[in-house]
Protein chains: 2
Amino acid sequence: MRLKEFAKQVGLSPTTVSRALSGYPEVSETTRARVAEAAVRLGYSPNVNAVRLKTGRAGAIGVVMGRAGEFHFAEFMAGMAERLVAEETDILVIPMADPNHEDEMQLYRRLVESRRVDAIIVHSPKPDDERIALLHELGMPFLVHGRSAIDVPHAWLDIDNEAAIKRATSHLIDLGHRRIAMINGRPGATYALHRDSGFRKALQSHGIEPDAQLIANGNFTDELGFRFARSFLEQPNPPTAFVAGSMMTALGVYRAVRSLGLQIGRDVSVIAHDDVFPYLTADNMVPSLSATRSSMRAAGSRCADLVLQLLSGRSALEIHELWPVELILRESTGPARPSKP
Amino acid sequence: MRLKEFAKQVGLSPTTVSRALSGYPEVSETTRARVAEAAVRLGYSPNVNAVRLKTGRAGAIGVVMGRAGEFHFAEFMAGMAERLVAEETDILVIPMADPNHEDEMQLYRRLVESRRVDAIIVHSPKPDDERIALLHELGMPFLVHGRSAIDVPHAWLDIDNEAAIKRATSHLIDLGHRRIAMINGRPGATYALHRDSGFRKALQSHGIEPDAQLIANGNFTDELGFRFARSFLEQPNPPTAFVAGSMMTALGVYRAVRSLGLQIGRDVSVIAHDDVFPYLTADNMVPSLSATRSSMRAAGSRCADLVLQLLSGRSALEIHELWPVELILRESTGPARPSKP
DNA sequence: TTTTCCAACCAAACCGTTTTCAATTTTCTC
DNA sequence: GAGAAAATTGAAAACGGTTTGGTTGGAAAA
């Protein structure tokens, strides 16, 4: 059913019907009610493409999806979905081919030109992320999930990775650990740099020199967690504690520790970062996992919220949120034991 | 830059320009090349909303996202993205409020009416799934990922859950296990029913009566895996083997078995279903996990492909794919040990 | 040479809304 | 009760493309 026909059925002009449904003030409450009722009864709803063409709004927020298939992604999106469900806005997932730099820029450029989205959420930014510069230049509203040091005004939401890891590391030091290993995320991303920085600062403020042999970077997979942990533990002077980048990494670390006949929380302490997944909880691991915790879902929800604010006119300059991260101590951390000679 | 202006720049009519860019035959190769070059140079690309309004195509495939935040979801989407990256089609994620039945139907109805998507992918169908009936009735092209017994013609892609679980269970029986527990997915979904059926058939064909005390249903979380496994193992007549619905469930089962001082692969055998995640691999678990395996990502990719076929005119009746599932035996399965009296 | 046909191009209608501007009715004000 | 102001409603012009149904000029056929 089209507007024209529907209007005829109701006995009004298309103009009035359109206004009634969009909540304009210049239509009487009586007619509005009548129109609304008829719309439900006759099953009329405006053609979205016509509305978009006319208003210039796309009614969607874009999220570029890399090929890595990160498990965080689903939680973030679920959070966005939670916030957007009552809104007339949906989520457009844009597939990204290769992480080829040239192509990626082209992808964003085309995305903006095609006007398919009203705003974009940029993930895992780098300190000098060119996507941010590009989007700013093109005048597309966007929000960065994470942070960038780039000298371009932009809205962002991030968790305080540096403080979180610094605190976690300090706690391990307070427990007497001196050889602490760090399994970080992919190199280059700001969050990984911040975590690295937090790690180093904690060590240095206690007079411990970071050992490059105990620092690793890579994807958040159980496999890398295992491999790195295992190779660290097989070194002549092995670590007595680990800071792990994700729950999956932690699973790998647990395995590595066990596989060497060591006991977590006694021989080796572990703190991981937990994005809070419904399907894998730190509290349930054995022994339960001490973690720096921040809900990815909440971040998704809030990001969606901030994007809506951005779209309704709030300045990007005002939108900067740095979320504190909880440190939750459980059984995977304990005092350092005197090292076996 | 708009078509009108761009056409003027090139010295042609909007008609010809439009045709040149859309590859119509009635435009000479010379002009087409000229137009294409100018489009790149001047940065012209058609306004997507105008195209959609005019052609009636939305250029997007819809996927409804539940609130559960399933970890499979990201992999499936990554697969879709892989297939769609070269296409002019993107993925629209539609947030679903509550799994309230009434609302859900309304959501689908509105989605169809608003013409935001060209096709929809339906997940985790039930045997008599009303979404399928509705979409068929409304004439919206759709593909079901999973299967339904509903008497309405529709395209689907599914993995052979029944055969997979039947084979897994039979293998456990062949190893001498008689008390086998099953931790299945949420009740109601066809896949869960198929798995249940495969489980029961395997038992019955070996003369074993399924024990309702050893069958559980629920979300695929490590927590439920742990709880169910633990409660089963604490029964007077505990199982010696488990069939687990997912990798997360398997993690929980592993923990439960260990927590009771038992050894996986020796005291208790485990087979789980593995959707193949880059971040958590069955082969890396300790002991490595025997699994029925089928790539969720491949399914996503193929589903996107089939939807494109559907949209280019292929009949839904022709599109039925039942994928076989591999059974990969590793260390988590072993011969049943004589039960302790 | 005339007619026919075809390749290449164009003018204008249309997709289904929103919104400007104007018209009409109703309500106030004095 | 007249005139002004306010509240409603409508006609028609966009929005930016695609597509129908021509028109044109030159090559091929007669």
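Residue numbers start from 1 in every chain, and the chains themselves are labelled A, B, ... in the order their sequence lines are given, proteins ahead of strands.
- For Ser28(A), whose side chain is taken as the heavy atoms from C-beta onward, the closest listed nucleotide among dT8(D), dT18(C), dG17(D) is dT8(D).
- Each of Tyr24(A) and Arg34(B) was assigned the nucleotide of DNA chain C with the nearest heavy atom; the assignment lying further toward the 5' end belongs to Arg34(B).
- One atom, CZ of Arg115(B), and another, P of dT17(C), lie 8 Å apart when rounded to the nearest Å.
- We find that CZ of Arg57(B) is positioned 13 Å from C1' of dC15(C), with the value rounded to whole Å.
- The distance between atom CG of Leu21(A) and atom P of dT18(C), rounded to the nearest whole Å, is 8 Å.
- Taking 4.0 angstrom as the limit, Ser18(B) places a side-chain polar atom (N or O) nearer than this to OP1 or OP2 of dT18(D).
- Between the P atom of dA12(D) and the CG atom of Leu3(A) lies a distance of 16 Å, rounded to the nearest Å.
- For the pair Lys8(B) NZ and dG16(D) P, the computed distance is 14 Å after rounding to whole Å.
- Side-chain N/O atoms of Thr31(B) include one lying less than 4.0 angstrom from OP1 or OP2 on dC9(C).
- For Lys54(B) and dT18(D), the NZ to C1' distance is 5 Å, given to the nearest whole Å.
- If you take NZ of Lys4(A) and C1' of dA11(D), they are 12 Å apart, rounded to a whole angstrom.
- Judged by distance alone, with hydrogens and angles left aside, Thr16(B) brings no side-chain donor or acceptor close enough to the base of dA8(C) to form a pair under 3.5 Å.
- Of the candidates dG10(D), dT19(D), dC15(D), the closest approach to any side-chain atom of Arg19(B) belongs to dT19(D).
- Here Phe6(A) lies out of heavy-atom contact (under 4.0 Å) with every strand.
- Side-chain contact check for Arg116(A) and Ser114(A): at least one donor-acceptor pair (N or O, by modelled atom type) lies under 3.5 Å.
- Across all strands shown, Arg52(B) has no heavy atoms under 4.0 Å from either base or sugar-phosphate atoms.
- For Thr15(B), the side-chain atoms get nearest to dT20(D) when compared with the rest of dC15(D), dG17(D), dT20(D).
- Rounding to whole angstrom units, CZ of residue Arg32(B) and C1' of dA7(C) are separated by 13 Å.
- Checked against the 6.0 Å centroid threshold, His136(B) and Phe142(B) do not count as a close aromatic pair.
- Between dG16(C), dT18(D), dA11(C), one nucleotide has an atom nearer to the side chain of Ser13(B) than all others, and that is dA11(C).
- Separation of the Phe71(B) and Tyr279(A) ring centroids falls under the 6.0 Å cut-off.
- Between the side chain of Ser22(B) and the backbone N or O of Arg19(B), no donor-acceptor pair lies under 3.5 Å.
- Using a 3.5 Å distance cut-off with no hydrogens or angles, the side chains of Thr15(B) and Ser18(B) do not pair a donor with an acceptor.
- Using a 4.0 Å heavy-atom criterion, one finds that Tyr44(B) contacts the sugar-phosphate atoms exclusively.
- The side chain of Leu53(A) sits closest to dC15(D) out of dA11(D), dC15(D), dT18(D).
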